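Order of the sequence lines fixes the chain letters, A, B, ..., with proteins taken first and strands second; residue numbering starts at 1 for each chain. Since we're looking at a predicted model, the values are computed, not measured.
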Protein chains: 2
Amino acid sequence: MATRSNFQGKTVAHSHDHSICIDDALAEAERVCAEHGSRFTDLRRRILKMIWQGHKAVKAYDLLDQLATEGGSAKPPTVYRALDFLMEEGLVHKIESLNAYIGCPHPGDDHVSQFLICDKCENVREVTSDALGAAVMGAATDAGFKIRRQTLELHGVCADCQKDARAA
Amino acid sequence: MATRSNFQGKTVAHSHDHSICIDDALAEAERVCAEHGSRFTDLRRRILKMIWQGHKAVKAYDLLDQLATEGGSAKPPTVYRALDFLMEEGLVHKIESLNAYIGCPHPGDDHVSQFLICDKCENVREVTSDALGAAVMGAATDAGFKIRRQTLELHGVCADCQKDARAA
DNA sequence: GGACATGATGTTATAGGTTCACAAGCCTGT
DNA sequence: ACAGGCTTGTGAACCTATAACATCATGTCC
């Protein structure tokens with residue numbers, strides 16, 4: 001089994017068959033949109049697929065560039081509207097500290113997310129820790145604060161990159 | 001004791017003598033900079049003071065406008081450099097989800113911060129919950145992730161605004 | 001005190017990120 | 001075919017942030 005591979009010109013540690021991630025994400029999106037009675041158009045599909053090209057957060061303008069490459073003239077609103085849609089459907093999250101967007105691995109379930117963002121390989125991992133969720137809720141409750149939305153982004157170095165650093 | 005007052009034209013619930021906050025913040029800044037051997041210049045002082053005009057997060061371009069109003073021509077780098085300095089000294093935090101900046105009420109102590117951001121009155125409260133800190137650390141450790149920086153921003157409605165809503 | 005190194009600020013320009021407003025197109029039900 | 005509503009195209013504007021280079025202030029060492 002491969003533990004390294006090339007993806008978009010960059011070496012990725014502990015790789016996997018990423019096409020499965022993509023296929024799953026698209027299938028899930030299809031399902032979620034059908035359930036919500038919203039339209040998973042070609043544009044939206046293409047953009048979601050682009051976001052899922054890896055496990056890194058993707059910038060809006062990179063999507064824009066890719067759209068332009070694929071032919072046709074794409075303008076910012078095209079991308080932002082698609083992103084808005086995908087976020088409303090819970091298919092994509094925005095990483096505020098990066099101004100970038102990442103696919104949600106489990107749309108549909110109602111969840112609050114926390115993100116582990118590796119500053120080295122740039123991979124973003126979404127985790128859902130009940131303990132952490134409870135702690136967040138606890139801190140808010142102590143202050144009499146009613147939470148509507150949370151941004152929890154942890155920057156640092158992922159396990160793989162730490163391993164690599166030791167190996168090198 | 002006043003439970004309401006006017007501040008910059010907006011009604012603020014459960015107000016306090018805010019001039020004390022400002023004075024404290026400036027005195028603390030003085031102290032911290034002296035300790036670090038860094039220069040708390042007039043510009044930096046003015047900008048920190050502007051940020052402390054309230055308990056809301058302030059946008060860089062609002063600072064810019066204020067500087068311009070006070071006479072003279074201010075350009076973005078002026079503000080951003082001051083903000084960078086203030087952040088490095090731990091006097092100011094950036095709220096990523098708002099692209100705005102807020103004064104730190106306890107610079108000097110080494111701390112990780114969490115923010116309660118009221119979407120109604122826009123006040124931002126910095127809290128430091130050990131339990132929450134531990135939970136964050138725990139979630140990271142479980143994933144073998146080494147944290148270097150964290151962004152934890154909770155949006156919702158603060159206790160005061162909830163009270164107001166019930167009263168109304 | 002004068003020369004120098006260093007850090008702070010001024011200035012111009014540009015890059016990056018997001019939204020607005022209006023036009024045009026495309027589905028869907030009738 | 002038609003109306004109404006979502007979806008996309010298009011141009012412009014706005015907000016956020018940084019690069020690059022010039023100038024100025026401050027402290028230090030002799």
Side-chain angles (χ1 to χ4, degrees), chain A residues 29-30 32-51 56-89 91-102 122 151 153, chain B residues 29-30 33-34 36-51 56-89 91-102 122 151 153:
Chain A
E30 205 87 56
V32 167
C33 290
E35 206 170 277
H36 295 185
S38 56
R39 289 162 56 192
F40 193 46
T41 63
D42 180 57
L43 179 65
R44 291 164 177 173
R45 182 191 194 82
R46 277 198 294 156
I47 289 189
L48 181 58
K49 191 170 178 182
M50 286 178 197
I51 292 175
K56 308 187 198 317
V58 179
K59 307 224 144 206
Y61 269 66
D62 289 344
L63 295 170
L64 198 52
D65 290 346
Q66 262 187 271
L67 277 183
T69 308
E70 292 184 5
S73 65
K75 269 100 186 182
T78 303
V79 165
Y80 283 103
R81 278 193 290 236
L83 287 173
D84 284 347
F85 172 86
L86 294 172
M87 284 194 285
E88 267 182 27
E89 296 295 326
L91 299 167
V92 158
H93 298 292
K94 178 174 186 183
I95 306 293
E96 299 282 356
S97 55
L98 293 176
N99 292 325
Y101 305 82
I102 188 137
E122 292 178 5
T151 299
E153 301 169 3
Chain B
E30 205 86 57
C33 289
H36 294 184
S38 56
R39 290 163 56 192
F40 192 47
T41 63
D42 179 57
L43 178 65
R44 291 165 178 175
R45 181 188 196 84
R46 278 198 294 157
I47 289 190
L48 182 58
K49 192 170 178 181
M50 287 179 197
I51 293 175
K56 306 188 200 317
V58 179
K59 306 224 145 207
Y61 273 67
D62 289 345
L63 295 170
L64 198 52
D65 289 346
Q66 262 186 270
L67 277 183
T69 307
E70 292 184 5
S73 65
K75 269 99 187 182
T78 303
V79 164
Y80 282 104
R81 278 193 289 234
L83 286 173
D84 283 347
F85 172 86
L86 294 171
M87 284 193 286
E88 267 182 28
E89 296 295 327
L91 299 167
V92 158
H93 298 291
K94 177 173 185 183
I95 306 293
E96 299 282 356
S97 56
L98 295 176
N99 292 324
Y101 304 83
I102 187 136
E122 292 178 3
T151 300
E153 300 169 4

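Heavy-atom nearest nucleotides on DNA chain C were determined for Arg39(B) and for Tyr61(B), and the one closer to the 5' end corresponds to Arg39(B). A residue-by-residue look at Lys59(B) and Ala74(A) shows that Ala74(A) has its nearest nucleotide of DNA chain D further toward the 5' end. Across the interface with DNA chain C, nearest-nucleotide mapping of Lys75(B) and Ser38(B) shows Ser38(B) to be the residue nearer the 5′ end.
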Test salt bridge (charged side-chain N to carboxylate O under 4.0 Å, His left out) on Arg46(B) and Glu70(B); report intermediate values, then the result. CA-CA 10 Å; Arg46(B) 278 198 294 157; Glu70(B) 292 184 5; 2.7 Å; yes
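In Lys49(B), the NZ atom is not crowded: 12 or fewer heavy atoms of neighbouring residues, nucleotides or ligands sit closer than 6.0 Å.
When rounded to the nearest whole Å, the span between CD1 of Ile47(A) and P of dT8(D) equals 9 Å. Put simply, CZ on Phe85(A) is 9 Å from P on dT8(D), counting in whole angstrom units. Whole-Å rounding puts the Ile95(B) CD1 to dC15(D) P distance at 21 Å. Following rounding to the nearest Å, Lys94(B) (NZ) and dT18(D) (C1') show an atom-to-atom distance of 12 Å. Taking atom CG on Asn99(A) and atom P on dT16(D), their separation rounds to 11 Å, with Å as the unit. With rounding to whole Å, Glu96(A) atom CD is found 12 Å from dA17(D) atom P. Taking atom CZ on Arg44(A) and atom C1' on dC27(C), their separation rounds to 13 Å, with Å as the unit. We find that OH of Tyr80(B) is positioned 7 Å from P of dT16(D), with the value rounded to whole Å.
Between the side chains of Glu96(B) and Thr151(A), no donor-acceptor pair of N or O atoms lies under 3.5 Å. A donor-acceptor contact closer than 3.5 angstrom links the side chains of Glu153(B) and Ser97(B).
Within the nucleic acid shown, Tyr101(B) comes within 4.0 Å of sugar-phosphate atoms alone, with no base atom in reach, counting heavy atoms only.
For a distance-only test at 3.5 Å, the side chain of Arg81(B) qualifies as a donor-acceptor partner of the base of dG10(C).
Using a 4.5 Å heavy-atom threshold, the side chains of Leu67(B) and Met50(B) count as touching.
Side-chain proximity of Thr78(A) to dT9(C), dG9(D), dA17(D): nearest is dG9(D).
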